Participant: 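Handing you a structure now.
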Protein chains: 4
Amino acid sequence: MPQNLDKKDKPQKDKPDKDIPVKGKKDKYHRILNAAIKVFAEEGFFHSTISQIAKEAGVADGTIYLYFKSKDDILLQFFNFKSARVLDRFRKDVNEANDAGSRLENLIHSHLREFQKDPNMAVVFQAEARKGRYLENRVNNLTKTYLGIVGEIIEQGQVEGVFRKDLYFSLVKRFVLGSVDEVINAWVNAGGKYELSSMADPLVDLLLRGIGSRSAMAGQ
Amino acid sequence: MPQNLDKKDKPQKDKPDKDIPVKGKKDKYHRILNAAIKVFAEEGFFHSTISQIAKEAGVADGTIYLYFKSKDDILLQFFNFKSARVLDRFRKDVNEANDAGSRLENLIHSHLREFQKDPNMAVVFQAEARKGRYLENRVNNLTKTYLGIVGEIIEQGQVEGVFRKDLYFSLVKRFVLGSVDEVINAWVNAGGKYELSSMADPLVDLLLRGIGSRSAMAGQ
Amino acid sequence: MPQNLDKKDKPQKDKPDKDIPVKGKKDKYHRILNAAIKVFAEEGFFHSTISQIAKEAGVADGTIYLYFKSKDDILLQFFNFKSARVLDRFRKDVNEANDAGSRLENLIHSHLREFQKDPNMAVVFQAEARKGRYLENRVNNLTKTYLGIVGEIIEQGQVEGVFRKDLYFSLVKRFVLGSVDEVINAWVNAGGKYELSSMADPLVDLLLRGIGSRSAMAGQ
Amino acid sequence: MPQNLDKKDKPQKDKPDKDIPVKGKKDKYHRILNAAIKVFAEEGFFHSTISQIAKEAGVADGTIYLYFKSKDDILLQFFNFKSARVLDRFRKDVNEANDAGSRLENLIHSHLREFQKDPNMAVVFQAEARKGRYLENRVNNLTKTYLGIVGEIIEQGQVEGVFRKDLYFSLVKRFVLGSVDEVINAWVNAGGKYELSSMADPLVDLLLRGIGSRSAMAGQ
DNA sequence: CATGAATGAGGTTTCATTCAT
DNA sequence: GATGAATGAAACCTCATTCAT
């Protein structure tokens, strides 16, 4: 799924694909992409060099430029590619359920599960996506879409009566995202040593009920 | 409060200090530090150059190396310096109150207030502090200390009976940090265009009561 | 008229040539050569890439190396090939006339006509041939031969009594070449927007009579 | 006379120039410029590398970028700088005389003398200045100005009655330039082995009287 | 013969850091 | 202490050329 077809194109060849014609290209594209993400995860984007990525991918330095316009483009393609996949998965999992509560649950489970499945991706997302005045334009999309999903769930929950009606909408969305994000952060900083998914249920519980005790709340 | 006391320090020249003995030093140190943070906030750490910082600070490039060991060291000193100040303030404000609820409230108010007061710091903290890999050792300290403060409040609140007793301790702490962090993130990404502090009360409310409606909760 | 006959040549495969035996080869050779000249004319030799030439010629990059030893070789072959053709034409046109005056006239007409007919060639000749410590050896041949033709005409004209006898021989030859060359230069720089040939007669007149007025000359 | 004051400026220092304050800068600027021209003359612009230039100038590679924005900029500055100087000299020498004939003579003498004095400059001018496409905008200025000077002389000569009145103006200018240019070309290609200036008088004679014999002309 | 993906040497440029003044 | 010109390592990227298919 190479997306930088700009330069040379020659995307699918014009000869009919006999066996696994484009597969070679695809393979190498993903080989490089994964190598890059691994290196980015280990070294950070700016400290990573094309040479490291090339070595990790088992290709020559120049080869990388057959698939990516620049070092920046690698990160960009990664975000475009992974964001799409991940958001698709989120949406799919959310839609498996019908009521807002289960949907929120599914979203968070899905989120943690996906990031746990691909720790390098998790590291790079946490490290490069949520900052970096650098790729902001593109990455904000990811955040924006995520917040959109959360927003829909919240609204539905309010209609269903399971979520409070007196919520500061744009705040709640950040509240959810921030919580999950930081849980992943903790996991990443710990070196991915424990089961990230196991955080899902407790986290959902916290999101729904907060940390205040029932009795204390009663007094409010 | 220069901390790289290696090179030069007390030996204040052999000429008698005419005017403001250490003050000159201190001034320039902070001038550089603030200039650096401004530049880091605008360009990102890696895209910033010593020359930009020097120009912003109104000193020569070489002068920076009289106060800082390296470019990295600037960021480091910034974190050490600001972390200390900020955490002091947090603690002080937390201690202004006695009950856990008010303390949590104060912490979050303080947090948002401090970051709003110094947007450059906010940007740099959000952008560079969490990248881990790089400055992790030192910056983790900040996070760790922050989580410690939160932890103390939580424990106190549980003793007081105002916070739930069935809380996953290490998760709750991240839950609080993540929420605040993301609220700041949103504010930074929006360009600091609104009153960050105004988020404090709604956020505390969310943390305490969660997003679930009372009636729905009753069913659990 | 491929001249790098090293690699492959007559051995036209063992399979019988089905259609147009050598024609295919020749065609592709010229296709590449013309494509190259077009690209060289547009981009300059050094800024041109094999890929551009290949695309322009409608062949694969690698195919070019079946016909040319190297990128340099393309330029070289171009000069060899075009020089031969052009010089042939010059000589032929010169020989159409008998007296030196008409021969000079014919040479210059021919020169301007040929270059006008093939603007890409003109551009490349002007840009790469008359400089470039680069291809000097080969290209000097062209210049040398051209100067030779001019020289013969001059000598003949002196015998005929139509050209001055007190001419600095090697200078006169350069004088003629330089004039024509610069006229072409002007035309090329103007983007080939006017009729180059129309310069022939006025130029010949200038060469013969100079810019001095008759009366003024009388005083010398 | 560094002209790329863009980046850093700090041109004259603010401290009073004690001895030869800016001289150091100026020196190095010209050291690099001359080294570059020498290398360009030997290798051609495109085959020259920054490293070669740096070595020739006795500075580090990076130093070059303190004085020039890019490799291209070196050539550009050279043209700007040398063109100005050379054209000044031309004009000055032209103005030493009053009548058009002497002025043309002076121009050509000056032209050949200047180029002979600085063979590297001569080589680079001949090789790179006319390539157009590349630096055209700036270099065309040189050509344009030169043609302007020639044009003025021609017009004056026509008024004075020493030059023919039936001249194709834009052609004559090219005619003069082309002749001189090619004479220099020949000298450069010969390796500067002879006295270029000695060509001036014969060339002027050719320009004025042409190659046709008086008697032949009479018959026209 | 033809292809075009792959190679990797080599070039330009940046910039943290040093050090003579 | 302060300066800022100079350094040169190191990074990114291009593209002529090769070779397996």
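Reminder, nothing fancy here: chain letters follow the sequence lines and each chain counts from 1. Keep in mind that this is a model prediction, so the values were computed, not measured.
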Participant: Looking at F:dA2, I'd like to know if its phosphate oxygens (OP1 or OP2) sit under 4.0 Å from a side-chain N or O belonging to B:K28.
Facilitator: yes

Participant: Under 4.0 Å, counting only non-hydrogen atoms across every strand here, what does A:I50 touch: a base, just sugar-phosphate, or nothing?
Facilitator: sugar-phosphate

Participant: State the pairing partner of F:dG8; accept Watson-Crick or G-U wobble contacts with both distances under 3.5 Å, and report none otherwise.
Facilitator: E:dC15

Participant: Separation of C:I53 atom CD1 from F:dC15 atom P, in whole Å?
Facilitator: 12 Å

Participant: How close or far is atom P of F:dC15 from atom CG of A:D61, stated in whole angstroms?
Facilitator: 16 Å

Participant: Rounded to the nearest angstrom, tell me the gap between atom CD in C:E43 and atom C1' in F:dT14.
Facilitator: 15 Å

Participant: Closest approach to the side chain of C:Y67, judged atom by atom: which nucleotide of E:dT3, E:dC1, F:dA16 is it?
Facilitator: E:dC1

Participant: Specify the separation, in whole Å, of atom CD1 of D:I32 and atom C1' of F:dT7.
Facilitator: 12 Å

Participant: Measure the distance from NZ on B:K71 to P on E:dA16 and round it to the nearest whole Å.
Facilitator: 5 Å

Participant: If you assign B:G62 and D:T63 each to the DNA chain E nucleotide with the nearest heavy atom, which residue ends up on the more 5' nucleotide?
Facilitator: D:T63

Participant: Between F:dA2, F:dC12, E:dT18, spot the one nearest the side chain of B:Y65, thanks.
Facilitator: E:dT18

Participant: Which whole-number value in Å describes the distance from C:L75 CG to F:dA16 C1'?
Facilitator: 15 Å

Participant: Distance alone, cut at 3.5 Å: any donor-acceptor contact between the side chains of A:Y29 and A:Q77?
Facilitator: yes

Participant: Using Watson-Crick or G-U wobble geometry with both distances under 3.5 Å, which nucleotide pairs with F:dT21?
Facilitator: E:dA2

Participant: Specify the separation, in whole Å, of atom CZ of C:F46 and atom P of E:dT12.
Facilitator: 12 Å

Participant: On DNA chain F, nearest-nucleotide positions of A:S48 versus B:I64: which is more 5'?
Facilitator: B:I64

Participant: F:dT3, F:dG4, F:dT17: which one has an atom nearest the side-chain heavy atoms of B:L66?
Facilitator: F:dT3

Participant: Give the intermediate values and the outcome of side-chain contact (heavy atoms from CB on, under 4.5 Å) for residues A:I32 and A:K28.
Facilitator: CA-CA 6 Å; A:I32 294 171; A:K28 197 158 291 184; 4.2 Å; yes

Participant: Have a look at B:S70 and say if it touches a base, only the backbone sugar-phosphate, or nothing, with a 4.0 Å heavy-atom cut-off.
Facilitator: sugar-phosphate

Participant: State the pairing partner of E:dA9; accept Watson-Crick or G-U wobble contacts with both distances under 3.5 Å, and report none otherwise.
Facilitator: F:dT14

Participant: As an exercise, state the distance from CZ of A:F45 to CG of A:L75, rounded to the nearest 0.5 Å.
Facilitator: 5.0 Å

Participant: In whole angstrom, what separates C:R31's CZ from E:dA2's P?
Facilitator: 9 Å

Participant: Answer yes if the ring centres of B:H30 and B:Y67 are under 6.0 angstrom apart, and no otherwise.
Facilitator: no

Participant: Hey, would you say the B:F78 and B:F40 ring centroids sit under 6.0 Å apart?
Facilitator: no

Participant: How do C:T49 and B:V59 order along DNA chain F: which one's closest nucleotide is nearer the 5' end?
Facilitator: B:V59

